[in-house]
Amino acid sequence: MKPFLDVLAGKATARPPIWLMRQAGRYLPEYRAIRSQARDFLHFCYSPELAIEATMQPIRRFSFDAAIIFSDILVIPDALGQSVRFAEGEGPRLEAMETPEALKGLASALDEEKLEPVYNALRGVRAALPPSVALIGFCGAPWTLATYMIGGRGTPDQAPARHFAYQHPEAFQSLTDLLVEACTRHLCLQAEAGAEALQIFDSWAGNLPERELRRWSEAPIGRIIAGVKARHPSVPIIAFPRGIAGGFSRFVSETNCDAISLDTACALSDIRKQLPPGMVTQGNLDPLVLINGGSGLDAAVDHILESTAGLPHVFNLGHGILPPTPIPHVEAMLRRVRG
Ligand code: CP3
């Protein structure tokens, strides 16, 4: 029995299952200890033993209802031949691809051999997980991947990719098509290696106007979901289109996702009006309220529990957990969610 998968199948549970985006990571002292053993972050992601251990750490400590495989969305550009590195304390640095010519340097398909350690880690985690805990595989959505591939780094407003898409829509469409194929393949291979649910992170969807959202976020995600469903019809797919505010109704109908992960700014009291009846939701505690803790945290948790009572909902954050989060606050949140 896996409560997380029950809810993804549309069943409301008395208490929502819970996991946290970025639950493996730097807020955990045991993560920091093993992280210091690896040469660099990508090397860590491609070392199955380390990735298995990082995936299992938050499960052992907090008994979350789902484990998410320890990896990164940027393994896809890496496996397409773009140089990717993680500068210590600065985040990702890619060789920026600012012109249509630069995109010609990418491989025409994913180097699956390069990603084999990720699939090996999934197999190892699946074997190690308690029977009640589900395993999640993931990828970045084409738009979010493209923002890093074109900008070469995280940018405050994704301006480099937005300019590129306006200036070179055909080249941008070709990049999107390549990423649709790569994401579909990567998700299928993760399902074949033991992932029981999949999540697509479109962390930067919120900067796209309506028509661009349709073209660069919804349409490609819809194609990925259709492609994965053709081979793995029973694996539920969660989409996380961060920051799309009023756009959920169309997003859900255009992508055909099984569940929608709601960001922090999304009003739970209002969201049901936008969603089809019975739609599965996930989210959306503010990662900053979790850092602050106390009665503010209790009230925020209660608001989510009350707003989603009797509905198929997975308790989560509205974005990833942040490194300064105190562990006692995570414990307090868990006690409250679990009753
Ligand atoms: O959720 C999990 O615990 C699984 C692992 C996971 C990581 N990244 C590990 C990671 C997942 C699901 C991701 C997704 C991811 N990666 C996203 C989408 C979700 C989101 O937060 O919006 C994005 C945009 C990235 C790209 C990325 N990777 C950035 C921008 C950074 C640097 C900023 C930061 O948070 O550190 C990373 C590095 C990264 N990915 C770390 C971890 C644990 C920290 C690096 C380290 O340990 O040195």
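Every value quoted in this text rests on a predicted model; they were computed, and no experiment measured them. First listed ligand is number 1; within each ligand, the first listed atom is number 1.
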Those atoms of ligand 1 less than 4.0 Å from some heavy atom in [X]:
{"X": "P92", "value": "29 (C), 30 (C), 31 (C), 32 (C)"}
{"X": "G91", "value": "32 (C)"}
{"X": "F86", "value": "28 (N), 37 (C), 38 (C)"}
{"X": "F70", "value": "43 (C)"}
{"X": "Y148", "value": "24 (C), 30 (C)"}
{"X": "H319", "value": "20 (C), 21 (O), 22 (O)"}
{"X": "I68", "value": "1 (O), 2 (C), 3 (O), 4 (C), 12 (C)"}

Treating [X] as the side-chain partner and [Y] as the backbone partner, does any N or O pair qualify as donor plus acceptor under 3.5 Å?
{"X": "H329", "Y": "I291", "result": "yes"}
{"X": "E196", "Y": "L135", "result": "yes"}
{"X": "D65", "Y": "V133", "result": "no"}
{"X": "T155", "Y": "G151", "result": "no"}

[atom]: which protein heavy atom is closest, and how many Å away?
{"atom": "atom 46 (C) of ligand 1", "value": "R35 NE, 3.2 Å"}
{"atom": "atom 11 (C) of ligand 1", "value": "F138 CZ, 3.7 Å"}
{"atom": "atom 39 (C) of ligand 1", "value": "F41 CZ, 3.5 Å"}
{"atom": "atom 22 (O) of ligand 1", "value": "S203 OG, 2.5 Å"}
{"atom": "atom 3 (O) of ligand 1", "value": "A24 N, 3.0 Å"}
{"atom": "atom 23 (C) of ligand 1", "value": "I73 CD1, 3.4 Å"}
{"atom": "atom 15 (C) of ligand 1", "value": "R22 NH2, 3.5 Å"}

Is there a nitrogen or oxygen of D72 sitting under 3.5 Å from a nitrogen or oxygen of ligand 1?
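Among all N and O atoms of D72, at least one is under 3.5 Å from an N or O of ligand 1.
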
From L198, V118, V228, I224, residue fulfilling side-chain contact (heavy atoms from CB on, under 4.5 Å) relative to H186
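With H186 as partner, side-chain contact (heavy atoms from CB on, under 4.5 Å) holds for just one option, V118.
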
Which heavy atom in C45 sits nearest to a heavy atom in D72, and how many Å separate them?
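Looking at all heavy atoms of both residues, the closest pair is SG-N, 4.2 Å.
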
Measure across Y27 and L322 and return the closest heavy-atom pair with its distance rounded to 0.1 Å.
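Y27 and L322 have their closest heavy atoms at CB-O, 3.8 Å.
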
Mind checking whether [X] contacts ligand 1 via backbone (N, CA, C, O), side chain (CB onward), both or neither, at a 4.0 Å heavy-atom cut-off?
{"X": "Y31", "value": "side chain"}
{"X": "R26", "value": "side chain"}
{"X": "I69", "value": "backbone"}
{"X": "S71", "value": "backbone"}

If you count heavy atoms of other groups shown closer than 6.0 angstrom to [atom1] of [X], is the number above 12?
{"X": "E49", "atom1": "CD", "result": "no"}
{"X": "R32", "atom1": "CZ", "result": "yes"}
{"X": "E331", "atom1": "CD", "result": "yes"}
{"X": "H303", "atom1": "NE2", "result": "yes"}

Heavy-atom side-chain contact between F164 and L175 under 4.5 Å
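F164 does not reach L175 side chain to side chain.
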
